Structures are given as structure tokens and as C-alpha cells.
There are 2 protein chains.
Amino acid sequence: MTSAKEPILRDVAAMASVSIKTASRVLNDDPRVAPATRENVRAAMLELGYRPDPAARSLRAGRDLSVGVVVENIGDVFVAALVARIEARLSDAGYQVLITSSHRDPLRERAIVQDFQQRRCAGVIVMPSSETSLVGLRLGTMPVVFVDRVGEFPGSRSVVSDDYALARLATQHLIDHGHRRIAILSDSQKVPTTRDRHAGFQRAMADAGHPVDRALVRDECLDESFVRNAVAELFALETPPTALVATNTRLSLGAVPALHLVQRTETALLAFGDFPMAESLTPAVTVIDHSPHRLGQVAADTLLDRLRGDGTSVETSPIVVPAQLIARGSGELPPRPTAGDSRASVTVDTAGGHT
Amino acid sequence: MTSAKEPILRDVAAMASVSIKTASRVLNDDPRVAPATRENVRAAMLELGYRPDPAARSLRAGRDLSVGVVVENIGDVFVAALVARIEARLSDAGYQVLITSSHRDPLRERAIVQDFQQRRCAGVIVMPSSETSLVGLRLGTMPVVFVDRVGEFPGSRSVVSDDYALARLATQHLIDHGHRRIAILSDSQKVPTTRDRHAGFQRAMADAGHPVDRALVRDECLDESFVRNAVAELFALETPPTALVATNTRLSLGAVPALHLVQRTETALLAFGDFPMAESLTPAVTVIDHSPHRLGQVAADTLLDRLRGDGTSVETSPIVVPAQLIARGSGELPPRPTAGDSRASVTVDTAGGHT
DNA sequence: CTGAAAGCGCTTACAG
DNA sequence: CTGAAAGCGCTTACAG
């Protein structure tokens, strides 16, 4: 321990021969300081290697240069990409980023957000487990931005993809390629995003006049093992689907190996979430790229706006971030072209549909 | 604003008719409190919905229930998995986790760690950009654990894979399958892990008596675009490699599309880092699975040990977390079986090697 | 087993 | 433009 004690503001003030208050003013870029004084204080700070104490600062000031981020699971590839962008933006803006996973436990989620407020975070960005997960929480004036899923909180803003439209687009794409027995794999319908994606799917099917077989609707797929089971069951059906919509990145990453496992890679696949291997698979995977980077960027910028904000614009409607369909092959497969299965003809037969 | 003011410890003390100090003792599980008093105070806390103020606490106590984590880039899939496990363990243990990306900027890395200390973090876990990145920093008694890469700091501990042995194993595996023109793709050799992987590669080649063609050693591959270039150049060589070692997850994810792009999927590939699609590709990808989950788990546990620690065990040798080779096909391809290239015979010719 | 005082390092009103 | 006082909410010695 050769290190001297950390310098504190008093030391800076002493060295610059000013009061501690003036030193504090310089620290906070208060304009009411004489230029010469400012320079003196700055020089002293530099010479002493002074760094302000965030705890003291936040205790007294009642706010802290940190932002809390609550996501479902930081280990998810989609989430990691989202968080990476959020973190980059916010730390560039001088905020310390606190990241915690909720693991979709609403109580945990509430507790985390409450703790962030307790820590005087300047704001929070939340990927909510349900619309109402934060309802009723006392957060004072701390701005809340929801990301990827619409959330409900007074004065909050949500940054999302147009899940309904994208699911409809995806489903329509498969319908356009002749499919009518289309299965949908999704997460729990408790999640707003998931619900909207189901609605878009249903709408496209209804518009095409295709019935939706309840057996082809598989929600509550929480991870790859659920997907594997669901896919196995789908292809054990008397009339299996000819196409599949996977409604999030995690499920898309599960669907590909699952189709391989049951040797049904001729099944059309439309996957939400782009991923690095999508182009290299056989067939290459058609995706809806609802860019996590863009979502993260917009969410961070929205929060920064509120933090700088005059508080004037109290716009609360969701911000919709654009996404696109990238056709690579799997989504353009016709109904069961290579099926060594007698039922294939049935499907092909009806593929024209009655629009 | 219907919400009453947040209760503070004074309110709790008043309600329980004790001094603020006694309330504080209950909060900190100090045993020197009469059981009846303790119950009274606890009841008051519950009734008021009291939550302690972390800023005040840490300012006075000089420590905080938070742990700082510095990684290269939270958006990297390997890193995300690593961080997910660290976060899960530490938040279960009651710590708030602060995550920041260094983007491999040593100055930034030092500044972040210094800031964590400033914030009175109980400890830090660092994925260092180089061994010496923290050398000379004044961190007081804050424990430091390095993860994935060996780092240098007084009293610190590193949790790593045996990069040397794994790279040797990977290379040997390819040699065993008849290869001698083996290319290696890697990150910058400034990163300790990368250096060790190169050393293992060189050793395996030397042991087999195979010369290492300098043109087949491609370091400084920072992301997928570098990999794409490197692979293109490798296969533009007069005598291209018959096998490839990709030395980290990011590069592995880049190598597959790159091989597809140059239509060289018959090239043997041994990839560091398992990934979801590895089994579904053609050929399926043989990987070294140096589990990020296990690394994260051990790193978190190591830090928790130090935090609870009597400070007695000042073991500083690196902890090596086991990893395994998962053979799936790409690593077992013979030298250019399907090559429509006259030079293929040359390679096959020498494949027996002189051991 | 319990308490009154002081203070962690800053910033907030309030003066001048 | 500058400063002396008070205090953010808690915990640290020091007493009893």
C-alpha cells in the first residue's frame, strides 16, 4: 500500500485556495465561476488525480449517473445484441449501466426496478415480462422506457417492432408460396410481443381463407427443448404442417436443429431474428430481421431524450422500429417438394387455396 | 403523486421505539440485539415497506453490495453466455451487477475498473484485453478475478481454459485425420488467450514434424469481415490449406459462412466455441467447447469466495476450467476429398506425415 | 444489550 | 462570482 489516500474535494479546494463549494461548482460545470478560478480548480483536480465519489454525490443530489436495464436473460443472443447497443450509447453519454436479468419473474422484475430507483438511477430501460409488470410501482420521476415489448407505466414510452404486421407479413409470405398448413412456434402468450405475433398470424390465415388447425399452434415454447418436442409432435400428426413460423430468435435457433432431427428440412421455415449461420444452412434460412441493434439504439436514445428533456414532450405512443424480411430459401420452399410421404399430394392439391 | 415519502431508518426506529442505531443493527444482522427488540424493528420495517438506501450505506460503510464486470463486448455470444452465468450467481448472492464493455481499449478498461472501485464495488470480474491491462492501478483491497484470459494484478486470480492444451488438441485432431497444411484464424496476439492458442498450434505441428507455412497463420481477425478476407486469401494461395482452426467463437461463426462463400466446405474445420447451429450445418461442425457457462460460474464462485473469505487463502495460480472436443464431422474430413483441384493429390500424398 | 455523537463526501438552499 | 452552514441516510467508533 504505497498509495496515498484518495484525494477528496476538500483537498482540491485547499490546493486551489477556494472553498469546497466553488470546487463543487467547477465539478458540475456551473457557469457562475470566474474563468481563472475554474482553471485553478481544474489544474488542482488534474494534479491530484481527483475523481468524484458517486455515492456521496448521489446521496446528496438525489440522482445518479447510472441507468438500470432489466432484460429477460442477458444470455439470449437477441437480448445480448440489444443490450450491447444500449450499453454503448449510454456509456458514451456518461452513464454507468446496471444490467440485471428478470428471468421472467414478475416479482423479481418489480424488485429490480424498485432497487434501481432506490439507487437513484437516472432512468430505466425494461424489457417487460408482461404489459402490466410495473403497474403500481412508486418510481417517483424516474423515466421508464420499455423495449421490445409494450409496457404500461405512467409517462413511459415503448420501443418495439411492429409484431403484428411482421407476423402477418411472415405468414403471408408462406401463403404466397403455396402453404396453408402453417404451424406457429411461440413463447408464452403472456408476453405482449408473442400475443401480437399470434394475432398477425391469425389475421394472415383468415385473410387467405385458410383454417387454423389448433394442433399447429404451439405456444409455451420456452427454449430449444420445447421446440424439439413441439416439432416432433407436429410431424407425428396425421397431416403435418408444410411450413413453420418461429416467432423469436431463440425459437428460430431451436427450430433448425429440430427439423434436422426429424429429417424434415424440406419444411418451409420463416424465422424471426437473423443469426450468423442463417446463410450457410441448407436451405438458407429466411428471416424477419427485427434488428436488436436498432431497437437498442432507439431505446437508449429515447431514454437520453427524456433525461435531457425539458419534460415538455410527454408523448407516450409506442415507437415502432422498422424490420425486414430477408428471403434466403427456407421461406420460399413449396409445400413438401421432396416428401416421401403419400400425404404430400393432399397438401399440394390444396395449395392453390381459395382466396 | 399519491405516494408518501420513502420511509427512512429514522421512521423505522421511531415506530419501533428504539434508537436509529439499534434499527441499523437489525438491518445488518448484528447479533447484539435482544430478540424481542429485533422482532419489533423487523415488524416496523415490514409495515413501513422500508428499504435501505444503498448510496448512504456505501458512503458510510465504504463498501457496496455490487460487483463490477468488465468484458470486451457484451454483444459477443460467448461473452453473453459468460456474463449470464456470472450475473445469475452474483445476484443470487445478493449483489447488484454492473456490466460494462471495454471494447478492448486498455485506457477505457482501466478507467472502468477504477470507477468500479470508486463506486465501492465489493469486487470486480475482468476479461482483460491484455495481461497487464490493470497493472499499477490503485484498487485498495477490492478483489479482482480475471476470466477467460490470464491477467496480472496483486492478489488476483484468473479463471481460464487451458488454451495451449486445447489448441494443441484441436490441431492434433486435424493432423490425426491426415492434414498437414492447416491454417489458423485468430484474434490479435496481444490477447493472452490467443497467444496460448497459437503456441498450442505450433507445438502440435512441430510434434508432427509439419512445417508451418507463415501464409496460413492469420491473426488480427477481429470480426467476420476479417475472417471473410482471410479465408478468401487462403484459398487464393497456390497451395491452399486443407484444414482450418478457428480460435474463438466469433471467428468460428465467421469461418462457416466464409467457407461457404468460397465454396470450400470440404475443408476440414475445427472451431473453438460451441454454437446452436453447429449440428445442423453440412458438414456439422466439430468444436472445442470451452463452456462459457462453466467459466462464468467458476469466476463468480471464485470472487464470492474472496468476498466471504477470511483472506487466508491467497492462492493466485490460474484456475483451469475443463473443456472438450465435440466431433461432429467437419473436423474429421480428410484432406480435400472432393476437391476438383489437381493439387489435392499433393496433400493426400504427404498426409501420412513423418512422426 | 442499547444509545448520542460524529462523519462518509458531496450538493442544496441561503446569503453576501 | 464566492462562501459558511446544514444535511442526504446511513454506519463507525466510543460509551454506558
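A note on names: the letters A, B, ... follow the listed sequences, proteins ahead of strands, and every chain is numbered from 1. Predicted model only: the values in this text are computed from it and were never measured.
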Check ion pair [X]-[Y] (N to O, under 4.0 angstrom):
X	Y	value
A:D64	A:R119	no
A:R38	A:D30	no
B:D115	A:R51	no
B:D148	B:R294	no

Can you tell which of [options] lies closest to the side chain of [X]?
X	options	answer
B:S19	C:dG3, C:dT2, D:dC10	C:dG3
B:V33	D:dT2, C:dT2, C:dC8	C:dT2
B:N28	D:dT11, C:dG3, C:dG9	D:dT11

Check your understanding: Can you find a heavy atom in the side chain of B:L134 that is under 4.5 Å from one in the side chain of B:V126?
Key -> yes
Indicate yes or no for a side-chain donor-acceptor contact from [X] to the backbone of [Y] under 3.5 Å, with no hydrogens or angles considered.
X	Y	result
B:D11	B:I8	yes
B:S129	B:E72	no
A:Q96	B:I112	no
B:S101	B:I74	yes

Review point. Cut-off 3.5 Å, side chains only: do B:E109 and B:S133 have a donor facing an acceptor?
Key: yes
Review point. Where each residue is assigned the nucleotide of DNA chain D containing its nearest heavy atom, which of A:T37 and B:L9 is assigned the position nearer the 5′ end?
Key: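 Its nearest nucleotide lies further toward 5', so the answer is A:T37.
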Between the protein and nucleotides 13-16 of chain C, are there any N/O to N/O pairs under 3.5 Å, and if so, what are the atom names and distances?
none

Review point. Between residues 43-66 of chain B and DNA chain C, which residues have a heavy-atom gap below 4.0 Å?
Key: B:L59, B:R60
Revision key, fill the gap. Taking Watson-Crick and G-U wobble contacts under 3.5 angstrom, with | marking pairs to another strand and [ ] crossing pairs, the secondary structure of DNA chain C is written |||.||||||||.|||
